[in-house]
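Inspection log for the structure reproduced underneath, given as structure tokens.
Treat the numbers as computed from the prediction; the structure is a model and nothing was measured. First the proteins, then the strands, lettered A, B, ... as listed; each starts at 1.
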Amino acid sequence: MDAVRKLLEDTNPEALHREKQKKRTGLPELPNGIEGEATLRFAPNPNGPLTLGHSRGVVINSELAKINGGRVVLRFDDTDTKVKPPEPTAYAQIEEEYEWISGKKADVVIRASDRMPIYLEYAEKMISEGFGYSCSCTAQSFKTLRDNKDECPCRDNDVSLNLDLWKSMVSGKIPEGEAVIRVKTSLDLPNPALRDWPALRIQHTPHPMVGEKYKVWPLLDFQSAIEDHLQGVTHIVRGKDLMDSTRKQTILYGHFGWDYPETLYWGRVKVLEFGGFSTSGMRMDISEGKYSGWDDPRLPTISSLRKRGFSPEAIREFWLELGLTQKDISIPMQSIEAKNSSTIDSGSERRSFVRGPIEMKIKIPDAVENYVAEVSVPKHPDGTVSGMREWGAISERIYLEGDDIDVVDIRLKGFADVKIVDGVAEVISNERTDRRTIAHWLPLEISREAVLEIPQMDEIRKVSGVIEDYELVEGMVVQLERIGFAKIKEIPNNGAIVMSWLHR
RNA sequence: GCUCGCGUGGUGUAGUGGCCCAUCAUACUGGGUUUUCGAUCCGGCGACCCGGGUUCGAAUCCCGGCGCGAGCACCA
């Protein structure tokens, strides 16, 4: 070790003073970022509301904008009317969900479908300048040519013919699927996916927002490229499945003489309990009645998580901790839940919920000294929520959780040590006299029937019991003592209170 | 198959040539405390994909292999 030290003094003295490694927190600096001038963007397809997967884009982009003093453009990429048609209600919902997750409204909001005239203009420019052309090959025959690095017959058509074909496409004279506009690239590109890639295609299906006005619609790689340039986007952060998109768009930028933004990538994420986050898949399942709606508790949508009681802080912390690695990862839902517990715990009042309750008589022998029949327990053990839950005087009947009464000597939590004799709980003392196990219980007066709904993969499991009916309000999230967090879903005039399970 | 990307404890992450027999979190585990099986405190377990090379020195650079993932849509 000393020898190494000596050597270091000669060769690399700074190394000796280097700090012991520590964990970097937060996102790394933006490459080539200029303080205050970063423009990020988040570009979802409004074919449904946001999923947990989308929230990564919201969190990372808004956080980068925040720490670099920049702005975020929220752009709806709604240029597909056929395969993933837009859902009209999704626009407003996504805007609102963006704000909920990031804690801030998007700085700019635009819709691709509103900007069609601009895209068509650039497409025409591309054709006029000879780096785009109209191709009427079938997808299959083009693929064969492309894979052999061969030109397709349309590639040599002159500009005026291309412009004529373009006009026919735009006016709707050419049926769907019979022509496409391609961007010229070198056919020697090692990656076949990039060779003469398609930029616009014909779609005669009406668009839910702008109707039948347009017959030619840009594909993602073209629309996104043009719009990023127009909005002055400086940094694109996207999934690495879009790496080829970057390469295609860089070629287009070259044709137009523009500089491509800095691009960062994240890897694929799977949440073990849900698998992927397919909006179209969920949409289908909902329409088939498999789920009650986008906010069904079994779905990984933002509306579902939010309704169940997840906080935006937890979602933010979760993604920020994963950072921007390109590694493909699988994480358990538990890691998001752990974040949520720590963000909501201090504000969540405690309540008792006795599952599978067994009714029992309680008896106070005369011999108990200084007996106090009143019970009051804190709303929060650390006092972060002040106040007590006043149960009042205990009369003669209580509920106990079945599993707790395997032994005869137990302590009624927060009240007294008892001995169970012939199905009657005899009070020994309010004070704790020994280390007997603590039982979960409720006096009859403050109990009300309740059902805890626990969402599972294919069903919703229901656990019934009695809840501590003390200052309960619909919509509040409480921590059920010894069980975990739950939301009070419904307090009907008659019948059982309904609670929905959040997590431990 | 072709193209691209990624491989650090169970799971995630830090680390970009040197006191690195490797950071932090979570999970798991042992114990303390406790009027929750929560929270908290103390302890433990546990990792640089493999093989070569460059170098005084490699988790870090190079080459090869293996594994995993993605793209190869007239979807985004």
Side-chain angles (χ1 to χ4, degrees), chain A residues 1-5 7-8 10-12 14-18 20-25 28 43-47 77-80 82-85 112 135 137-139 142-143 146-147 176-182 189-195 197-203 216-217 219-221 223-224 238-247 265 267-270 272 279-280 318 321-323 325-332 334-335 338-339 341-342 345-346 348 350-353 375 377-378 380-382 384 411-416 432 438-440 479-485 504:
Chain A
M1 192 55 64
D2 279 344
V4 173
R5 207 180 179 82
L7 212 96
L8 278 177
D10 299 339
T11 56
N12 191 1
E14 319 89 77
L16 288 170
H17 308 292
R18 192 163 296 175
K20 184 132 181 140
Q21 70 179 261
K22 57 184 170 205
K23 169 111 177 172
R24 177 184 59 73
T25 52
N45 180 344
N47 63 337
D77 279 351
D78 58 347
T79 58
D80 175 33
K82 229 182 161 174
V83 185
K84 294 178 180 172
C135 168
C137 299
T138 63
F142 182 84
K143 184 175 160 38
R146 183 195 68 181
D147 288 347
E176 279 188 15
E178 294 194 7
V180 51
I181 300 298
R182 298 189 178 281
L189 257 21
N191 187 346
L194 309 184
R195 298 174 197 152
W197 54 272
L200 300 97
R201 84 308 211 178
I202 300 168
Q203 290 189 135
V216 179
W217 288 84
L219 287 149
L220 167 94
D221 293 312
Q223 178 271 129
S224 175
R238 52 165 63 138
K240 67 176 186 178
D241 52 315
L242 258 28
M243 277 181 163
D244 284 351
S245 235
T246 300
R247 298 179 187 108
Y265 304 95
R268 190 198 92 260
V269 175
K270 259 191 198 162
L272 261 28
T279 305
S280 337
F318 169 72
E321 197 169 281
L322 295 195
T325 67
Q326 291 189 30
K327 242 166 104 176
D328 299 322
I329 54 171
S330 293
I331 36 105
Q334 193 183 29
S335 49
K339 286 272 175 266
S341 295
S342 56
D345 179 79
S346 63
S348 302
R350 271 49 175 170
R351 289 295 184 277
S352 201
F353 177 55
V375 176
V377 281
H380 191 290
D382 303 335
T384 49
R411 176 167 178 80
L412 300 181
K413 183 177 166 300
F415 176 51
R432 192 159 191 185
I438 297 167
H440 205 200
Q479 190 190 97
L480 300 175
E481 288 183 346
R482 312 206 310 193
I483 302 171
F485 295 94
R504 292 189 51 166

Counting any heavy atom closer than 4.0 Å, what does [X] reach on the DNA or RNA strands: base, sugar-phosphate only, or nothing?
X: L220(A); answer: base
X: S245(A); answer: nothing
X: T325(A); answer: sugar-phosphate
X: Q203(A); answer: nothing

Would you kindly compare D241(A) and G484(A) by the position of their nearest RNA chain B nucleotide and give the one closer to the 5′ end? G484(A)
Using the closest heavy atom to pick a nucleotide of RNA chain B for each, name whichever of D77(A) or R350(A) lands nearer the 5' end.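 Upstream on the strand: R350(A).
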In whole angstrom, give the distance that lies between atom [atom1] of [X] and atom [atom2] of [N].
X: R504(A); N: C28(B); atom1: CZ; atom2: C1'; answer: 13 Å
X: D382(A); N: U35(B); atom1: CG; atom2: P; answer: 13 Å
X: R238(A); N: C4(B); atom1: CZ; atom2: C1'; answer: 14 Å
X: N45(A); N: C75(B); atom1: CG; atom2: C1'; answer: 8 Å
X: L242(A); N: A76(B); atom1: CG; atom2: P; answer: 11 Å

Taking the side chain of R268(A) as heavy atoms from C-beta outward, which of G12(B), G69(B), C75(B) is closest to it?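 Nearest to the side-chain atoms of R268(A), counting from C-beta on, is G69(B).
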A76(B), U35(B), A27(B): which one has an atom nearest the side-chain heavy atoms of V377(A)? U35(B)
Inter-nucleotide C1' distance (U54(B), G10(B)), Å rounded: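 Rounded to whole Å, the distance is 35 Å.
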Can you tabulate the close N/O pairs, meaning under 3.5 Å, that link protein atoms to atoms of nucleotides 72-74 of chain B?
unit_1	atom_1	unit_2	atom_2	d
C72(B)	O2'	R146(A)	NH2	2.6
C74(B)	N3	G177(A)	O	3.0
C74(B)	N4	C137(A)	O	3.4
C74(B)	N4	G177(A)	O	2.9

Does T79(A) place a side-chain N or O at less than 4.0 Å from the phosphate oxygens OP1/OP2 of A76(B)?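 So the side-chain polar atoms of T79(A) do come within 4.0 Å of the phosphate oxygens OP1 or OP2 of A76(B), strictly under.
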Could you verify whether a donor N or O on one side chain and an acceptor N or O on the other, from D80(A) and N45(A), lie under 3.5 Å apart?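 No, no side-chain donor-acceptor contact under 3.5 Å.
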Answer yes when D382(A) and R350(A) have at least one side-chain N-carboxylate O distance shorter than 4.0 Å, and no when they do not.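 Salt bridge absent between D382(A) and R350(A).
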List, with names and distances, any nitrogen or oxygen atoms from the protein found under 3.5 Å away from nitrogen or oxygen atoms belonging to nucleotides 5-11 of chain B.
unit_1	atom_1	unit_2	atom_2	d
G5(B)	O3'	Q326(A)	OE1	3.4
G5(B)	O2'	Q326(A)	OE1	3.0
U8(B)	OP2	K327(A)	NZ	2.5
U11(B)	O3'	S330(A)	O	3.0

Taking any strand in view, what nucleotide pairs with U16(B) in a Watson-Crick or G-U wobble way, both distances under 3.5 Å?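 WC or wobble partner does not exist here.
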Test of understanding: with side chain to side chain contact (heavy atoms under 4.5 Å, CB included), list the residues that count as partners of P198(A), not counting sequence neighbours. V180(A), R182(A), L219(A)
